[in-house]
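Letters A, B, ... mirror the listed sequences (proteins, then strands); counts begin at 1. Small disclaimer: the values here were computed from a predicted structure and weren't measured.
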Amino acid sequence: MDDLARAVEAALFAAEEPMSADALSAFLGDAAPGEVRDALHALAAHYEDRGIRLVERGKRWHFETAPDLAHLLRREKEQLRRLSRAATEVLAIIAYHEPVSRAEIESIRGVQTSGGTLDVLMEAGWVKIAGRREVPGRPTIYATTPEFLEHFGLASRRDLPGLAELRATGLLDPVDDAYEDLMGEAPTETKADDGADEPESATDDSSLA
Amino acid sequence: MDDLARAVEAALFAAEEPMSADALSAFLGDAAPGEVRDALHALAAHYEDRGIRLVERGKRWHFETAPDLAHLLRREKEQLRRLSRAATEVLAIIAYHEPVSRAEIESIRGVQTSGGTLDVLMEAGWVKIAGRREVPGRPTIYATTPEFLEHFGLASRRDLPGLAELRATGLLDPVDDAYEDLMGEAPTETKADDGADEPESATDDSSLA
Amino acid sequence: MNEGLLFSDPPQSEADESWDGIASPTPASGKALYLELDGWEGPLDLLLDLARRQKVDLRSISILALVDQYLDYIEQAGALKLELAADYLVMAAWLAYLKSAMLLPKDEQEDPSPEELALKLQLRLQRLGAMRDAAARLMGGDRIGRDVFLRAAPEGLEIARKTLWQCDQYALIEAYGRVKARTAPAIHMVRERPVMTLESALDRVSHMLGVTLDWMELQDFLPPHAEPRLRKSALASSFVAALELARLGKAELQQDETFGPLHLRRASTNG
């Protein structure tokens with residue numbers, strides 16, 4: 001390996017940006033541009049089958065890793081993470097009330113919902129955008145996905161327990177007894193059915209909150 | 001050139017930090033550490049006479065330009081910060097005696113070492129706190145880092161220039177030990193152990209200054 | 001000393017103060033070098049420099065000659081009205097003592113002997129000299145950024161972390177229950193409670209005061225068989241009633257000690 005090739009190799013390695021043959025020849029002092037070009041081509045040939053390659057892009061040369069190894073250099077690591085409490089609540093609200101807008105979710109939850117929470121649910125593949133509601137402002141509405149049902153072991157959204165069942169298992173405690181009396185509604189069955197088809201029911205519910 | 005060698009070459013070329021064989025083998029997925037090590041040594045041999053080299057520094061590997069090309073590359077590179085003589089001495093004392101307490105450093109230098117000197121060396125990433133010596137006062141002890149080996153081009157501490165010779169001539173032993181050796185008194189075993197552990201000996205010495 | 005001036009240019013123009021320079025000064029002849037004590041990292045540093053000037057192995061250095069040089073130097077510096085740092089003077093004093101001890105007959109020596117002290121000084125100089133040489137060799141190695149260069153623009157190894165979110169059916173349902181429970185309208189109802197109003201307490205207390213002239217305890221004004229909650233209310237109302245009657249001059253209040261029983265009787269003037 002001759003001295004010029006070594007110098008070119010080192011200079012390109014240490015360079016912050018790709019360099020043209022002329023720039024290299026200027027950088028290396030008295031090297032003739034033609035010789036630098038020869039050296040570049042010789043180096044490119046040397047590196048052809050290696051893990052790194054010397055390539056010319058728009059007359060400027062640089063080293064890069066071999067494209068076929070890209071998959072090795074960009075590894076994906078899967079990381080299990082438990083859904084946060086807030087995200088679980090939002091997911092539940094979407095599941096029970098879908099399709100539902102963010103304002104409706106917030107109204108039901110009684111707290112603001114950060115956009116990140118919906119992003120997480122969409123990233124997880126459990127929630128998708130289901131269009132826009134044809135009301136002023138045309139808000140985006142969200143619904144669950146088939147992956148949601150699969151992950152949670154549900155054949156359909158009807159498998160989600162209704163409010164009456166939730167109450168029976170104590171999941172709705174503490175609910176003031178007066179609530180039910182005042183409302184005089186049996187929310188259970190209508191919920192399970194209507195939830196799927198009637199966005200209005202979601203809106204109704206949210207007016208309670 | 002086999003696939004593993006190509007992958008190792010590409011990974012080290014792309015990496016922003018030096019990597020150990022173990023880190024490489026973990027990064028490259030299913031590669032056996034032994035095979036990665038073989039590939040590293042084969043690559044190092046391949047690059048030995050080229051413009052760039054593959055070197056091992058403190059068990060971590062990286063590519064760098066060949067030192068004999070320094071004159072070509074040096075000009076536009078950032079200037080190294082100038083280190084005071086005090087700092088270079090302290091660094092050398094830590095490297096050759098590590099782990100070593102500040103009192104021991106001061107005993108060798110005959111002057112107080114300002115905290116700033118150690119701070120500068122730690123900020124540079126070459127020196128770290130290596131715990132405390134379990135003697136009265138529990139003084140902090142210092143040692144060098146892998147970055148120190150990297151920066152100064154040492155494969156390991158064994159490569160410190162003149163280390164073997166300094167050891168052989170006893171120049172790394174505390175003065176009191178050396179004195180007793182000279183006087184023909186076999187240093188007691190406790191001495192040999194305590195030399196490193198006794199800040200007192202250091203304090204006695206520095207009272208000379 | 002210039003310990004604090006790391007990374008700055010040394011105060012004097014000696015090239016060997018620099019990062020890359022050889023560590024041991026090999027000064028040119030002449031007095032210029034001697035004019036600044038700050039050129040040395042303390043007395044030991046100066047001693048080492050003087051010792052190296054003898055151009056012999058540190059192992060065979062003449063401590064006596066070295067001591068003379070140091071004392072000469074300090075004296076000269078003093079004559080030039082240089083401020084001498086205390087540690088240089090302490091070292092000078094110690095060396096003067098060492099020198100006198102070395103010149104005295106052996107049998108008058110104390111312990112430790114001057115030979116031992118001199119030898120230890122020599123050993124210290126050897127060690128400092130060795131470290132200084134080591135530092136110079138270290139700085140002379142193939143250093144990154146000066147002798148060897150790293151790749152300036154590495155692509156970097158990317159580890160894209162993909163998150164697999166986990167949640168289960170129970171957590172989902174429980175979350176919905178939580179939302180519903182949290183946002184359900186809370187209805188508060190205040191149950192009727194037995195109370196004694198201030199008006200009825202006023203009536204009751206003033207009426208009872210009319211019956212006797214003796215002091216009565218406030219407790220005695222309360223309805224005798226009231227349930228605890230009514231009793232509390234009655235106590236509060238009766239106390240306020242007593243204060244009100246006292247303000248109107250219709251009753252007198254007396255309490256012997258803090259938190260003691262409160263006594264009440266009809267105002268005598270009003271009788």
For chain C, which residues of residues 147-156 of chain A have at least one non-hydrogen atom nearer than 4.5 Å to it?
-> A:Phe148, A:His151, A:Phe152, A:Gly153, A:Leu154
Heavy-atom distance under 4.5 Å between the side chains of C:Arg178 and A:Glu89, does that happen here?
-> yes
Just wondering, are more than 12 heavy atoms of other shown residues or ligands nearer than 6.0 Å to OH in A:Tyr47?
-> yes
Output for pair (C:Lys180 NZ, A:Ile93 CD1), nearest 0.5 Å, gives 8.0 Å
How are the rings of C:Tyr176 and A:Tyr96 set relative to one another: parallel (under 30°), tilted (30 to 60°) or perpendicular (over 60°)?
-> parallel
Mind checking whether A:Leu160 and C:Leu172 have side chains closer than 4.5 Å, heavy atoms only?
-> yes
Contacts of A:Ser114 meeting side-chain hydrogen bond (donor to acceptor under 3.5 Å, both in side chains) (sequence neighbours excluded), chain-then-number -> A:Thr117
Apply side-chain contact (heavy atoms from CB on, under 4.5 Å) to C:Gln219 and list each qualifying residue two or more places apart in sequence or on a separate chain.
-> C:Glu217, C:Leu222, C:Arg231, C:Leu235
State, to 0.1 Å, how close C:Asp168 and A:Arg82 come at their nearest heavy-atom pair, and which atoms those are.
-> OD2-NH2, 3.6 Å
Taking non-hydrogen atoms and a cut-off under 4.5 angstrom, which of residues 54-69 of chain A neighbour chain C?
-> A:Phe63, A:Glu64, A:Thr65
Tell me, out of A:Ala92, A:Ala124, A:Ala10, who's got the most heavy-atom pairs with chain C below 4.5 Å.
-> A:Ala92
Proximity breakdown for A:Val90 and chain C, heavy-atom pairs closer than 4.5 Å = neither
More than 12 non-hydrogen atoms from neighbouring residues, nucleotides or ligands closer than 6.0 Å to CD on A:Gln112, yes or no?
-> no
